Structures are given as C-alpha cells and as structure tokens.
Amino acid sequence: MIFWVIRIRNFTISRKGIRMDKSITQARSRTAERQIMKDLVDALIAEQFFQTDDLTTRKLSALPELAHRLYPEFDGEWVYVGEICFLMEESYRQGHQWVADSPIYRKNNKDWVEVRSPRELCQVVLRGALSEEAYAHPGVAEFLEGLDIAIEQLDLSLERASAYRTFTPKSAYEWYVKGEMIASLRDRPFHPLSKAKIGFTTQDYEQYMAEFGVKTPLHWVAIRNDSVMKGCAEEEWEALDVLNDQQRTTIEKELARKGITRREYTVIPAHPWQLKNIILPDFHKEIADKSIIILDSQVGDFLATSSMRSLASPYASVKMLKLPISVKSLGAARYLPVVKLLNGLAGEKMFRQAVACDETLAGRVYLCEEKHWWGYMPPSMGLFDDHPRHLAAQLRIYPKEIMEEGYKIIPMSSLGGALNGSHFLTEILGGISSNDEVVAFYSDLAAMFYDITMRLFKVGIVPEIHGQNCCLVLKDNKVSGLLFRDHDSVRLHQPYLDKHGIQDPKYHIRPGYSNSLYNETLEKLIFYVQSLGTQVNLASIMEALSEAYSIPVSDLWEITESKLREALRSIDIPETDRDVLRQALFESETWPVKLIIRPLLEADGVPGAMPSGKGMGVNPFYIDLLVNYNN
C-alpha cells in the first residue's frame, strides 16, 4: 500500500452549515460525462492535485472581474485559480468539492478556455502535477483510456438499460434482484472509473451488466481431479446443484456419452465471456491433454449482479455463483484465484467465531456461506501464479431469509445513488409520506450499521462493509440486520482476537507485498470503518437521500456522528482503547482516506491486485464540531 500525506486547507463554515451543490435540490438527469466529471474533479481535489492556499483559492466575491466574466450566475462559492479555474463549495465528506455542472476553464495564454471533457481536464491537471517520468508511466495512459470507456459504458446504462425501471418486485427474492440492478448503475460510489469494464465490447456490456437484466446461459467445464483444489472435503454441495433437474440431466447425459466420470473429473460452470476470451485461447495445452474438457451443453440461465462476477438465479434460490470474468475494473482483472478462495475460508470461519462472541448479534448478522468452491490448480503451479486463477467457481449459499415473505435484502450500494431525482427507497417503502420518514429510516440504518460494525470491531475484526458486499436486511420494511458476503478480506486486529480465544486465520499473503488484512494498531483497523464504512458507504447514501428528498446533508451527518458515538460508548473495551478511538474518530482534525486516482496512476501491474493507497483528509465529525461552535 502506498501512503500519501495530503494537506488540508482550512475553511470557514457558515452559520447555516455546509451547503451541498445546487444539483441536490434540482431533480434533473445528468449525462454520463457530467457524472464522471463530478467524481473525477472531487477525487482530484481530495487527493491534492490542486495546491489550495490563500493565493489560489478565494471567495468568488473577492474576484469580481473574474466572477463577472466566467461565473456571472454564481455567488458565494470558492474559486480555485491556477492552470485550471473552477468553483468549489464546502463538503462534509472531503472538505471541498466541485460545484457540479459549473464551468471549468483552463489557461490558454492570457485567456481562459472552457474544458469540455474529463479526459481534457485530466490531461491538463496531470501534466501540471506530475513529473515527465511520472506522466509517462503506463498507469496514466490507462487511466485516461479508462475515463473514455467509463463515459461510453455509463452512457449505455443510462440510455439503453430499462430493466431496472420496468421490473416491479413481487417477492422477497425479486427485491434482492432489483437492488442488484440499481446498485450496478452507480457501482463504486465516487470513483470516476467504476463503470469502466475494460475488455467488454458494447454487446458484452449490455449482455453482462446487471442493470440490463439479461439472462446469461452458462458453459460447463470438466477439470481432471488432480488439477482441482476444493474448499470443502466433504462435498455437501457441488456446482451442478445450481441447476434444475432438467438442466442437470442434460449435463449428466453428456458426461455419460463422453465417458467423463466423477472419479476422474470435477464439473464447474464457466462464464461465456471467460470461455471465449480466456479459456479457449489460453488453455490450449490443457484442452489438448484433456486436463480440461469443454462440454457442448450450455445450460443454466443466470443474472448478473452489481459485482459482475457474482451471478443470481432468475428464480428464487439461496444458491448463487461467483465466477472469474477477467475483464479489468478499477485497475485489477476480475478473475478468481484459489488464494482468495482459501482466504475466504479462513475469513468466514473467523467471522462466524466473532459473531458468536456477542449474543446481541444473533438474528441481526447474516453471512453467506462461501466454503464450497473449486479452482483449477495443476500440481506444477502455485497459489500466486497467474494462469490458474482464470478458471474457478464458488457456490455461494445465502440465508433463507432472502426468499421469505416480509424480508427484503437490499445491497447498501443500491441506496447510494439518486436516479433522475428519485431514490430506490421510495419504491422499497411503498411510497414516502414525508421527509421525516426518510430521516427516521436513515437513523435506523446508521444505528444498525455502526452497532454491528463496532461490536465486531471489539472482537477484533472488520468485514467487508462497503455497499457492494454489505446488504441491508429489512423485515416488514424495518431495518433488522446486515448481510455480509465476500469473506476473503475480513480485516483483523490479533490482540483483540486473542482476548476472545480466536486464532490467527493464517491468511495467505503474496510474498514481498504489503497487506491490509493484518492491522497491528486500533487506528489501522478503525480506518476501514472511517473509509469504506463511512466515507464511501454511508456518505454515498447520505448524499443520494439529500439529493432525492431535499434533506440538508448536515442533518444526516449529525445523525451519523451520533450513531457512531453511541456505538463506541456501548462496546466493552478498555477505556484507554476507547480514548484512542474517540481521538481518531471525533477529535482529530484529519481522517485517513482511501485514495483512488494516485494508486491507479502508479499501478505496477501485479496480477489481480487492486491498486490501493492511503492519504489524509478532513474529519467530517471535526467539521461538525466547527459548525456547532459557529452556531
């Protein structure tokens, strides 16, 4: 992990608190380019690509000539004037943010020329911020290309995807499916490249992204047993169990016809894109020597989910799949290596032990079972070799509540975006009678989220708490718990685990590379509550609710702070540790933040590694102290 220190410029908070941009109170469609420009500029500001100080950043009213010429319709904003000129306003999440849809200009001799695209902006900013050597790094060109692809593909989603708009859920399971469609539209909140799936053609994108609601028929592959690693020795489930009786019979007849026996081979599904683009071109040797046999049958229709690699049955079922699709997204190929599956076994075991340490978590914390998997791993290759990780399958078992009447299991990321001024919550609740109802719902959500997260923290773990892998469990439209999936990245603090008799899970870590799974200090572990939990997951929900329902975002941040304070007070930890966490969460002027642009620009091309970095940003709860003080 790369570490940057980012200096934060002080700013004044008005008596009315922080005001979000004008788009929050105006329900209107935003093009793909505008949405990505918003995420891009905000990320550039947060990662200090602009040197904000008293010389470059002033109130617009202090520069009347420039204001009249470039921004005649604006008043009261901050203006940054460097090689780039743009408007900013205060933000809880990151200190300052771009005033959405306001003009951005670049210097052209002694004049200003309006910037027309995210690529143009990024080129100007990066040429000014990076050395020649750094600008020539392959990561820069890949980032610029990713911006173009993200715009093109998001535009396809906004213009052509209609399934998420026309699909009306009629059962508990269908609410889950609808939530995955909505979540896929926003993907990772605040990331300008989140919608870029590099390797998909236009046809692929419309076929394999969740918002389009297209069923994908699976291919099937038989792998010789001496080249398969398995998650479960007892084999209580097999991959064919995702099929109905008729589909299963089709596969079994083909196996019998070709003399393929279970004593010799394990049969797993393969995604059509993966078969065509990776397995057939790159596995010639295995296919020739019959280590791998591609079956002719294409059976089993599945729907994409927001994570793309995970597939849901179009019919109510607790059995779902996770398959490698080796397109590049957020700087990493989305394959499925055995090492991650092994870490998932260890993470899930530790997670279940941690839940058992706090009786209040029973009936509120739900885990997907992820121990049933099969990965190609020939004896001649190791866990960190690239070739085997393109062929694997995981059978993910959801809790029965996903199909039970009265329940709704909703990916939290589906709540992190406003759709043309509307919000998924209105549909979930069957209508909104007043904004008080929205605020009450968010209050319950934040209380449940932090109470569960901090109770797990006190045992020594923080699971995947970003909105794609953390789902809200509703019972009769009331927040009743959280569901967690993807257990290969359950972070830990071993001293706390030791107190509860939970052993080191012995994660497999790539030699010579840092990892984020083991956290030696409380501050390192709480970082994931601050970043993935608060600055990404809850912040995206707050901003979306604020935009859709015209609720002051300051009200939602006050609720968020209150619920985190309550959760910190309620957990049983030494008072000295509570003081450390209180300082980190509420009393420090800065918070550590996850960086999203700089790591991609400096990516070193390690197979499967999502580029990651950490910097320093504003503490949203310290800002709130300033607001309350000024009031």
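Fair warning: this is a prediction, and the values are worked out from it, not measured in the lab.
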>> What verdict does the side-chain contact (heavy atoms from CB on, under 4.5 Å) test give for L361 and L456, after you've listed the backbone C-alpha separation in whole Å, the side-chain angles of each residue and the deciding distance to 0.1 Å?
In response: CA-CA 9 Å; L361 297 178; L456 292 171; 3.7 Å; yes

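- Ring-plane geometry between W557 and Y92 is classed as parallel, the angle between the planes falling under 30 degrees on a 0 to 90 degree scale with a further cut at 60.
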> What do the steps show when you test E602 against R598 for salt bridge (Lys or Arg N to Asp or Glu O under 4.0 Å), and what is the final call?
Replying inline: CA-CA 6 Å; E602 300 180 5; R598 290 185 185 272; 5.5 Å; no

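- Interatomic distance, D579 CG to E587 CD, rounded to the nearest 0.5 Å: 8.0 Å.
- The pair D577-K458 does not meet the salt-bridge criterion, since no charged nitrogen lies less than 4.0 angstrom from a carboxylate oxygen.
- Residues E47 and I596 have side chains in contact (heavy-atom distance under 4.5 Å, counting atoms from C-beta outward).
- For the residue pair D39 / Q35, no side-chain donor-acceptor distance below 3.5 Å is found, with atom types taken as modelled.
- No side-chain heavy atom of K614 sits under 4.5 Å from any side-chain heavy atom of L595.
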> How far apart are the C-alpha atoms of F449 and I465, what are their side-chain angles, what is the distance that settles it, and do they pass the side-chain contact (heavy atoms from CB on, under 4.5 Å) test?
Replying inline: CA-CA 9 Å; F449 180 81; I465 53 174; 3.9 Å; yes

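- A 4.5 Å side-chain heavy-atom check between D358 and H500 finds every atom pair outside the cut-off.
- Counting only heavy atoms from C-beta outward, the side chains of T521 and N519 never approach each other to under 4.5 Å.
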>> With side-chain contact (heavy atoms from CB on, under 4.5 Å) as the criterion, how do M412 and L482 come out once you've worked through the C-alpha distance, each side chain's angles and the decisive distance to 0.1 Å?
In response: CA-CA 9 Å; M412 291 187 75; L482 297 176; 4.3 Å; yes

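- Ring pair H423/Y549 is tilted by interplanar angle, where 30° to 60° counts as tilted.
- Of the inter-residue distances, the one linking L472 atom CG with I541 atom CD1 reads 7.5 Å to the nearest 0.5 angstrom.
- Nearest heavy atom pair, residue A548 against residue A418, reads CB-CB, 4.3 Å.
- Put simply, OG on S413 and CG on L185 are 10.5 Å apart, with the number rounded to the nearest 0.5 Å.
- Of all heavy-atom pairs spanning S329 and S194, the tightest one is OG-O, 4.4 Å.
- A donor-acceptor pair shorter than 3.5 Å can be found between the side chains of Y442 and T560.
- S157 and E211 form a side-chain donor-acceptor contact under 3.5 Å, judged by distance and modelled atom types alone.
- In this structure the side chain of M350 reaches within 4.5 angstrom of the side chain of Y507, judged on heavy atoms.
- Summarising the geometry of L538 relative to L445, their closest heavy-atom pair is CD2-CD2, 3.6 Å, with the distance given to 0.1 Å.
- Considering all non-hydrogen atoms of both residues, M37 and P118 come closest at CE-N, 3.6 Å.
- Although no hydrogens or angles enter the test, the distance criterion places a donor-acceptor pair under 3.5 Å between the side chain of R389 and the main chain of F384.
- In this structure, R93 contributes its side chain and P620 its backbone to no donor-acceptor pair below 3.5 Å.
- Atom CG of L147 sits about 12.5 Å away from atom CD of E142, to the nearest 0.5 Å.
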> Do K563 and S443 pass the side-chain contact (heavy atoms from CB on, under 4.5 Å) test, and can you show the C-alpha distance, the side-chain angles, and the key distance before you say yes or no?
Replying inline: CA-CA 8 Å; K563 299 308 178 185; S443 181; 3.2 Å; yes

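- Ion pair E464/R491 flagged as a salt bridge, since at least one NZ, NE, NH1 or NH2 atom sits closer than 4.0 Å to an Asp/Glu carboxylate oxygen.
- Using a distance-only test at 3.5 Å, with no hydrogens or angles considered, no donor-acceptor pair links the side chain of R578 to the main chain of P574.
- With Y398 as reference, Y176 is the one residue of Y407, F484, Y176 to meet the ring pair (Phe, Tyr, Trp, His ring centres under 6.0 Å) rule.
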>> Would K322 and S310 count as a side-chain hydrogen bond (donor to acceptor under 3.5 Å, both in side chains) here? Give the steps.
In response: CA-CA 4 Å; K322 185 174 183 179; S310 298; 5.4 Å; no

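- Below 30°, between 30° and 60°, or above 60°: for H271 and Y208 the angle between ring planes is above 60°, a perpendicular geometry.
- Distance alone, capped at 3.5 Å, places no donor-acceptor pair between the H487 side chain and the A346 backbone.
- Residues D42 and W98 have side chains that never bring a donor and an acceptor to within less than 3.5 angstrom of each other.
- In this structure, the side chain of N515 engages the main chain of Y518 through a donor-acceptor pair within 3.5 Å.
- Side chains of R364 and S480 form no contact here, defined as non-hydrogen atoms less than 4.5 Å apart.
- The shortest non-hydrogen separation linking A603 to P611 is CB-CG, 3.8 Å.
- Of the possible polar contacts, none joining the N619 side chain to the W591 backbone as a donor-acceptor pair under 3.5 Å is found.
- Between F586 and F621, the ring planes lie tilted relative to each other; the angle falls in the 30° to 60° range.
- Checking each of E180, E369, E348 against R485 for a salt bridge (Lys or Arg N to Asp or Glu O under 4.0 Å) leaves exactly one that passes, namely E180.
- Here the NE2-CG distance, from H191 to L40, works out to 10.5 Å after rounding to the nearest 0.5 Å.
- With E370 contributing its side chain and D486 its backbone, the two residues share a donor-acceptor pair below 3.5 Å.
- Atoms CD and CG, from Q583 and L522 in turn, are 13.0 Å apart once rounded to the nearest 0.5 Å.
- The two atoms that bring R352 and C368 nearest to each other are NH2-O, 3.7 Å, heavy atoms only.
- Residue pairs meeting the side chain to side chain donor-acceptor pair (under 3.5 Å) criterion with at least one partner in residues 530-540, sequence neighbours excluded, are Y450-T534.
- A donor-acceptor pair is defined here as one N or O able to donate and one able to accept, closer than 3.5 Å; no such pair exists between the side chain of E543 and the backbone of V553.
- By the 4.5 Å heavy-atom criterion applied to side chains, I409 and W175 are not counted as neighbours.
- Counting heavy atoms from C-beta outward, V327 and M308 have side chains that approach closer than 4.5 Å.
- With no hydrogens or angles considered, no side-chain donor-acceptor pair links H96 and S91 at under 3.5 Å.
- Under a 3.5 Å cut-off, the side chain of K408 and the backbone N or O of N477 do not form any donor-acceptor pair.
- Considering V459, L497, I461 in turn, V459 is the only one that fulfils the side chain to side chain contact (heavy atoms under 4.5 Å, CB included) rule with C357.
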